[in-house]
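Comments concern the structure below.
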2 protein chains.
Amino acid sequence: MAFKMIDSNDIQNLCSMIGDEERVLVGEYIKEEYCHDELGGTFCTPDIVIRVLTAQEISDVMRYAYEHEIPVTPRGAGTGLVGSCVPVERGIVIETTLMNRILELDEDNLTVTAEPGVLLMELASFAEDHEFFYPPDPGEKSATIGGNISTNAGGMRAVKYGVTRDYVRGLEVVLPNGKIVEFGGKVVKNSSGYALKDLIVGSEGTLGIVTKAVLKLLPLPKKSISLLVPFPSLKQAIGTVPLIIKSKSVPTAVEFMQREVIMDAEEYLGRKFPDNQADAYLLLKFDGASTEEIEKDYQGVAGICLEQGAYDVLISNTEERNDSIWKARGAFLEAIKGSTTYMDEVDVVVPRSQVNTLVEYIHSIEEEAGVRIKSFGHAGDGNLHVYILKDQLSDEEWERRMKRAMELIYSKSRELNGKVSGEHGIGYAKKPYLFEAEDPEVMNLMRGIKRVFDPKNILNPHKVCEE
Amino acid sequence: MAFKMIDSNDIQNLCSMIGDEERVLVGEYIKEEYCHDELGGTFCTPDIVIRVLTAQEISDVMRYAYEHEIPVTPRGAGTGLVGSCVPVERGIVIETTLMNRILELDEDNLTVTAEPGVLLMELASFAEDHEFFYPPDPGEKSATIGGNISTNAGGMRAVKYGVTRDYVRGLEVVLPNGKIVEFGGKVVKNSSGYALKDLIVGSEGTLGIVTKAVLKLLPLPKKSISLLVPFPSLKQAIGTVPLIIKSKSVPTAVEFMQREVIMDAEEYLGRKFPDNQADAYLLLKFDGASTEEIEKDYQGVAGICLEQGAYDVLISNTEERNDSIWKARGAFLEAIKGSTTYMDEVDVVVPRSQVNTLVEYIHSIEEEAGVRIKSFGHAGDGNLHVYILKDQLSDEEWERRMKRAMELIYSKSRELNGKVSGEHGIGYAKKPYLFEAEDPEVMNLMRGIKRVFDPKNILNPHKVCEE
């Protein structure tokens with residue numbers, strides 16, 4: 001497909017459309033960060049970056065781009081890991097971080113309405129300040145809500161509370177042709193035609209650009225406690241997870257981690273973790289309305305852990321201690337990144353009964369693939385984050401070994417009835433693996449849907465399902 | 001669009017494809033019930049009814065129909081209310097009630113896998129027998145799971161637990177071209193391409209035919225109590241609901257009902273309701289792991305009700321009493337149906353803060369529209385079931401007054417930012433109201449998606465978004 005190359009005439013038109021020079025970046029004013037995301041594996045320089053303020057501005061730009069067949073790539077805070085926000089055909093980047101207002105707290109309907117550029121940490125703390133709870137909790141708190149919606153971000157509390165899609169009630173969206181439409185609303189139930197709202201969530205900015213989101217809130221749980229459980233071995237730690245799920249207790253989160261990742265995090269944060277003596281750990285959270293409510297649940301789980309050979313069960317029930325543990329957990333990605341020269345990641349998800357099989361397998365292939373691999377993740381929901389580290393490998397050797405490791409991991413995940421991505425999305429980097437994993441008929445349906453929304457294929461081209 | 005008329009050659013081919021004469025019905029063997037659904041407003045006789053046993057049979061029939069451009073309408077138990085399962089272009093009806101096996105209970109992944117013809121009541125009791133909980137709880141317990149998925153059925157527990165879509169993890173689906181595909185799986189999170197699983201849910205059998213569903217289960221709540229709260233007036237009862245939601249308590253269900261509907265139910269069931277003296281009632285349920293856990297919640301709500309003028313708060317904490325109240329509630333639709341000659345229904349949903357405004361409005365238009373109107377419904381989630389009764393009106397007069405009442409109700413609902421259907425779907429009967437409510441651009445997207453799945457428009461034509 002041939003897009004129009006942006007020329008000085010387009011730039012002039014777009015500039016006068018926005019009317020504020022400081023929000024339109026071209027040439028040397030485009031900082032290097034606009035050319036990649038957090039992981040940096042996909043790199044391309046846009047012709048123009050527009051820092052939009054309103055849905056109407058996005059609509060105007062999209063309409064112009066649609067008419068002139070100029071590719072447009074939406075971008076939030078750029079914290080993605082699969083290249084979704086990288087303008088691989090150059091053209092226009094629409095950057096939404098200035099659309100960062102929380103528009104309404106509706107206490108009668110238990111919803112909050114936010115612009116896409118609001119950061120997750122801002123939204124979460126706004127909710128808490130009003131005694132409400134926004135459950136989705138990915139490690140990356142400086143992602144935008146728009147970005148979270150675009151990948152259907154999950155996070156640590158998905159075990160009990162589900163993922164971003166479960167908290168999106170309504171969306172305002174600019175379509176590729178520039179029209180502004182609404183999907184869903186403040187209603188709790190909706191069976192009025194196809195689930196377009198649910199389709200936009202997780203579509204990684206390829207079907208439309210989210211300009212406003214009505215999000216569901218829950219009452220803030222009054223009590224929470226965390227358990228840090230050291231185990232002699234990874235096998236024992238991760239082997240305990242299916243037993244916890246099967247016990248019908250309902251933890252909010254079940255994370256697993258290994259000593260070396262904890263030590264990376266200690267170095268990165270300059271702060272000690274409560275314990276770093278054991279080989280592997282489970283970190284669990286329970287929340288509820290009262291201590292009594294959660295006590296039974298967590299005591300049962302503590303018992304299971306000890307039966308499975310845990311050294312101890314460290315209970316953390318003060319906000320301060322909880323905070324310090326979960327902050328360390330939230331820093332794992334950055335910490336691992338800091339421990340090597342470069343890395344690539346795998347975000348597979350498998351049925352949770354298989355999470356131990358997959359973790360053990362990944363651990364076993366380091367030698368075969370000839371690379372260091374670190375993993376941690378959401379053991380309770382079967383979603384692992386696996387990092388393959390470049391260290392001192394030559395580019396060529398890295399490419400070879402990394403691909404081999406990826407192939408092994410994705411192929412094992414398929415064997416276990418897993419999926420390519422649990423929460424980071426497909427973007428640009430994971431397309432080959434999605435194509436390999438899914439029935440060609442299913443990929444055809446996705447491409448068909450893409451063409452319905454974007455017949456000229458100008459919005460975030462070459463992502464998710466497009467060659 | 002012109003479909004092929006089924007001829008004796010087609011019938012012969014389809015018969016030999018199935019190879020079991022008893023499961024292929026034609027001519028006088030097609031019972032009248034196959035020509036309509038529960039409400040009966042849409043009526044059309046199919047040319048052939050095939051009672052399928054396997055996904056492969058559905059695939060074979062669909063492939064044949066696709067090749068020959070014969071319309072196909074899927075049908076479960078026929079308990080729908082908007083004509084979704086009525087073969088308005090005649091052709092083939094694929095009836096799934098014989099695909100009624102529960103295939104697997106996976107206690108490690110907390111899922112149950114079922115064929116589409118399993119009845120909701122069978123699934124719910126199967127889950128309970130194994131100490132699990134399948135939360136979606138529409139009043140109509142003899143609907144099939146396939147039907148519940150097709151309309152994204154909600155039910156009474158949606159206030160706390162959400163709707164059918166929230167419990168569908170994976171689907172096996174036969175596409176209009178006959179191919180069998182899978183969407184989702186047993187994974188808890190999934191960000192691997194567009195949300196096709198979520199799109200199929202609620203598509204009312206227009207995009208594919210569900211042949212297997214992997215459903216999420218929860219641990220069975222150990223305790224539940226119900227509160228039956230009599231109020232002097234409808235206005236006071238329904239006006240209390242927004243205060244309950246705002247109080248941040250989390251009831252499982254909040255239903256409202258009026259005396260005359262209760263009396264219909266008493267007559268229909270031949271059994272007394274615990275109380276029928278007050279004008280209006282709220283019926284609430286709370287569940288949790290222990291009595292203590294739910295006590296605080298329900299005591300707070302009881303207090304709010306009494307402050308708002310409730311006569312009393314009748315607490316029901318035995319299974320037997322709970323059962324009798326909720327069975328009566330489940331029979332409301334049938335009871336109202338039995339109290340008149342014919343009726344039509346409205347299944348609007350509004351933001352829950354507006355539910356009192358809408359109920360009061362509906363109550364106020366009986367005179368203006370010149371028809372009796374009865375309503376009850378899911379006050380806690382803003383979803384009302386409103387029944388317009390024909391009584392002794394002439395057909396002509398009925399048509400005129402019913403349409404007037406519908407227009408008034410849907411228009412008020414739009415004004416309150418509501419949606420046409422909360423859980424019954426659009427089907428054939430509610431299309432005009434969906435077209436009126438939604439942006440034409442949105443309807444175009446829906447039709448575009450329909451064409452992607454079904455380019456020949458043979459699967460359940462003229463439903464949901466198709467003229």
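In this text the structure is predicted, and so the values were computed from the model without any measurement.
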What part of [X] gets closer than 4.5 Å to chain B, counting heavy atoms only: side chain, backbone, both or neither?
X      : answer
A:R451 : neither
A:L175 : side chain
A:D198 : both
A:D166 : side chain

Query - Ring-ring centroid check A:Y161 A:Y167, cutoff 6.0 Å - result: no
Query raised in the report: For A:F286, does the CZ atom sit with more than 12 other heavy atoms under 6.0 Å from it, leaving out its own atoms?
Result: yes
Among [options], who wins on heavy-atom pairs under 4.5 Å with chain B?
options                        : result
A:E204, A:H424, A:K430, A:H378 : A:H378
A:S203, A:G154, A:P351         : A:P351
A:M446, A:R169, A:K246         : A:M446
A:A153, A:G155, A:S249, A:G202 : A:G155
A:C465, A:P219, A:G418         : A:P219
A:V159, A:N177, A:L207         : A:L207

Query raised in the report: Do B:Q354 and A:D108 have a side chain donor and acceptor closer than 3.5 Å?
Result: no
Query - Residue of the set A:K223, A:K222, A:K160 for which salt bridge (Lys or Arg N to Asp or Glu O under 4.0 Å) holds with A:D287 - result: A:K160
Requested in this report: Can you tell which part of B:L110 gets under 4.5 Å to a heavy atom of chain A, answering side chain, backbone, both or neither?
Outcome: side chain
Query - B:I245, part contacting chain A, at a heavy-atom distance under 4.5 Å - result: both
Query raised in the report: Which residues in residues 182-191 of chain B have any heavy atom lying under 4.5 Å from a heavy atom of chain A?
Result: B:E182, B:F183, B:G184, B:K186, B:V187, B:V188, B:K189, B:N190, B:S191
**Report entry** Residues of residues 290-297 of chain A within contact distance of chain B, non-hydrogen under 4.5 Å
**Finding:** A:S290, A:E293, A:K296
**Report entry** Lys NZ or Arg CZ of B:K419 over B:Y410 ring: under 6.0 Å, within 45°
**Finding:** no
**Report entry** Atom of A:S421, atom of A:D347 and distance for their closest heavy-atom approach
**Finding:** OG-OD2, 2.6 Å
